[in-house]
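Chain letters run A, B, ... following the sequence lines, proteins first and then strands; every chain starts at 1.
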2 protein chains.
Amino acid sequence: MDYTSRMGGKALGARLRRLSETIDRDATRAYATAGTRFEQRWFGTLNQLAINGPMTVSELAAALRITHVSVSQARQSLEKNGLIASQDDDADARRRYLALTGAGTRLIRRLQPLWRAMEAAALEVNAEADDAIAALDRLDEALARRSLFDRIMQRLGNEETNS
Amino acid sequence: MDYTSRMGGKALGARLRRLSETIDRDATRAYATAGTRFEQRWFGTLNQLAINGPMTVSELAAALRITHVSVSQARQSLEKNGLIASQDDDADARRRYLALTGAGTRLIRRLQPLWRAMEAAALEVNAEADDAIAALDRLDEALARRSLFDRIMQRLGNEETNS
DNA sequence: AGAATTTATGTAGGCGCCTACCATTCTGGC
DNA sequence: GCCAGAATGGTAGGCGCCTACATAAATTCT
């Protein structure tokens, strides 16, 4: 039991952060070992485009539950690497449709075995942890019902409720 | 059920990252609302120094399970804000002992109510999530037994075992 | 039609943490 | 006593994501 676990709730954020970093790092290492240049942040966008076909920045942000800013940055990186291409929408000049290029499609195909291995490894760990993913679901739900901020403020007797 | 949960293990890292960011953000907002300038990364160091008295950078890193680099950066920020002071060790010139200043001690005292509220809020969420913290413990343990990287590599038939 | 608002996307800069690398100081074997 | 290697701390630069703000285009209101 290390520091963050002994701290109970107080270091929950730090705890989650560290865990996510450990996992990200291992994934990055796996990509490197597999000899493929791949950035973590590409995954969501690439995966969505493979599933749904061309999508706009905002659609991707909504689907991935990240900000459009992050999608925009991922887009730049993906385009620079020739994995996707953007195309203006004739009907609405604000929109920018992103689509996989041939190279993008090939990369996804090449990564299939690795992604399957990652998925299997993650599920194995999850099983050993007695379905930690379900616990994360419950955490998400609890926070969606009422944010941590609101809960903190209530306890301080400080009903600003600006959220 | 959003994207990351539907993805099962494949987006586990992203999932944890998002959750930790949500919590960090709410905590930051709570500090701001409480009218106190406070950076998340100060917490671990400040807390350890309050508990144990003066400690070196490496000792803090080990206790907090982060790199000495992060501690070193937190130190600079804490010193710049007058909350801690460093002092050279006469016996070993490499060592740098960090200790709370009066301002640091006062800040901690002033933050006690907020920290208690945060702790209580976190425990409430944790209870609603049916002890998600325990699930995180199990996740840590599973990954300590065998890293995600090793599990992935094994599945790829690629026994590099460079870890 | 023109103004106000909303929507779509982008840039700048920040967060907390990391790896890679560097300098200095201490220590243990010879 | 000296020198290789370990220990301690630091800097540079990066990661993936964010908020705050900016711009342009579409839509709504009157």
Side-chain angles (χ1 to χ4, degrees), chain A residues 4 11-29 31-32 37-46 55-62 64-79 86-98 163, chain B residues 4 11-29 31-32 37-46 55-62 64-79 86-98 163:
Chain A
T4 46
L12 183 55
R15 190 93 194 274
L16 289 162
R17 203 187 306 124
R18 215 181 51 209
L19 205 41
S20 79
E21 281 167 358
T22 301
I23 291 175
D24 277 0
R25 220 174 355 266
D26 274 30
T28 298
R29 227 160 36 109
Y31 285 118
R37 239 212 106 238
F38 192 82
E39 298 177 20
Q40 291 290 323
R41 61 177 166 163
W42 291 351
F43 178 77
T45 296
L46 240 33
M55 295 173 77
T56 66
V57 172
S58 296
E59 285 168 356
L60 283 163
L64 299 172
R65 297 240 188 167
I66 57 178
T67 61
H68 76 271
V69 177
S70 296
V71 175
S72 175
Q73 290 168 344
R75 174 192 69 72
Q76 293 176 48
S77 171
L78 283 161
E79 273 193 56
S86 38
Q87 180 191 354
D88 292 338
D89 182 353
D90 303 327
D92 187 339
R94 293 169 307 179
R95 286 205 173 99
R96 179 168 218 167
Y97 271 95
L98 309 187
S163 164
Chain B
T4 45
L12 182 56
R15 191 91 193 275
L16 289 163
R17 202 188 306 125
R18 217 182 49 212
L19 206 42
S20 80
E21 281 168 358
T22 300
I23 290 174
D24 277 1
R25 217 171 1 263
D26 274 29
T28 299
R29 229 162 31 110
Y31 285 117
R37 241 213 104 238
F38 192 82
E39 297 177 22
Q40 290 290 322
R41 60 177 167 164
W42 291 351
F43 179 75
T45 296
L46 240 32
M55 296 173 76
T56 66
V57 172
S58 296
E59 285 168 356
L60 283 162
L64 299 171
R65 296 238 189 171
I66 58 180
T67 61
H68 77 270
V69 177
S70 296
V71 175
S72 175
Q73 289 167 345
R75 174 192 68 72
Q76 294 176 50
S77 171
L78 283 161
E79 271 192 54
S86 37
Q87 181 192 353
D88 292 339
D89 183 353
D90 304 326
D92 186 340
R94 293 169 307 179
R95 285 205 174 100
R96 178 168 218 167
Y97 271 94
L98 308 187
S163 164

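Electrostatic pairing of B:Asp88 and B:Arg95 does not count as a salt bridge here, judged by no charged N lying under 4.0 Å from a carboxylate O.
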*Please assess A:Arg96 against A:Thr56 for the test side chain to side chain contact (heavy atoms under 4.5 Å, CB included), listing each intermediate value before the final yes or no.*
CA-CA 5 Å; A:Arg96 179 168 218 167; A:Thr56 66; 6.0 Å; no
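The listed nucleotides are C:dC17, C:dG10, D:dG9; the one nearest the side chain of B:Arg95 is D:dG9.
Contact annotation: B:Ser70 side-chain N/O to C:dC18 OP1/OP2 distance is under 4.0 Å. Dashed line: the shortest gap from a side-chain N or O of A:Ser58 to OP1 or OP2 of C:dT9 is under 4.0 Å. Taking 4.0 angstrom as the limit, B:Thr67 places none of its side-chain polar atoms (N or O) nearer than this to OP1 or OP2 of C:dT19.
At a threshold of 4.0 angstrom between heavy atoms, the contacts of A:Val57 are confined to the sugar-phosphate backbone, with no base atom among them. Nucleic acid contact class of A:Gln73 (heavy atoms, under 4.0 Å, all strands): base. Counting non-hydrogen atoms under 4.0 angstrom, B:Thr56 reaches the backbone sugars and phosphates but no base.
Taking both residues in full, the closest heavy atoms of B:Leu98 and B:Arg75 are given as CD2-CD, 3.5 Å, listed atom of the first, atom of the second, then distance. Smallest separation of non-hydrogen atoms from A:Asp92 and A:Arg94: OD2-NH2, 2.8 Å.
Counting distance only, with no hydrogens placed and no angle test, the side-chain atoms of B:Arg94 and the base atoms of C:dT24 include no donor-acceptor pair under 3.5 Å.
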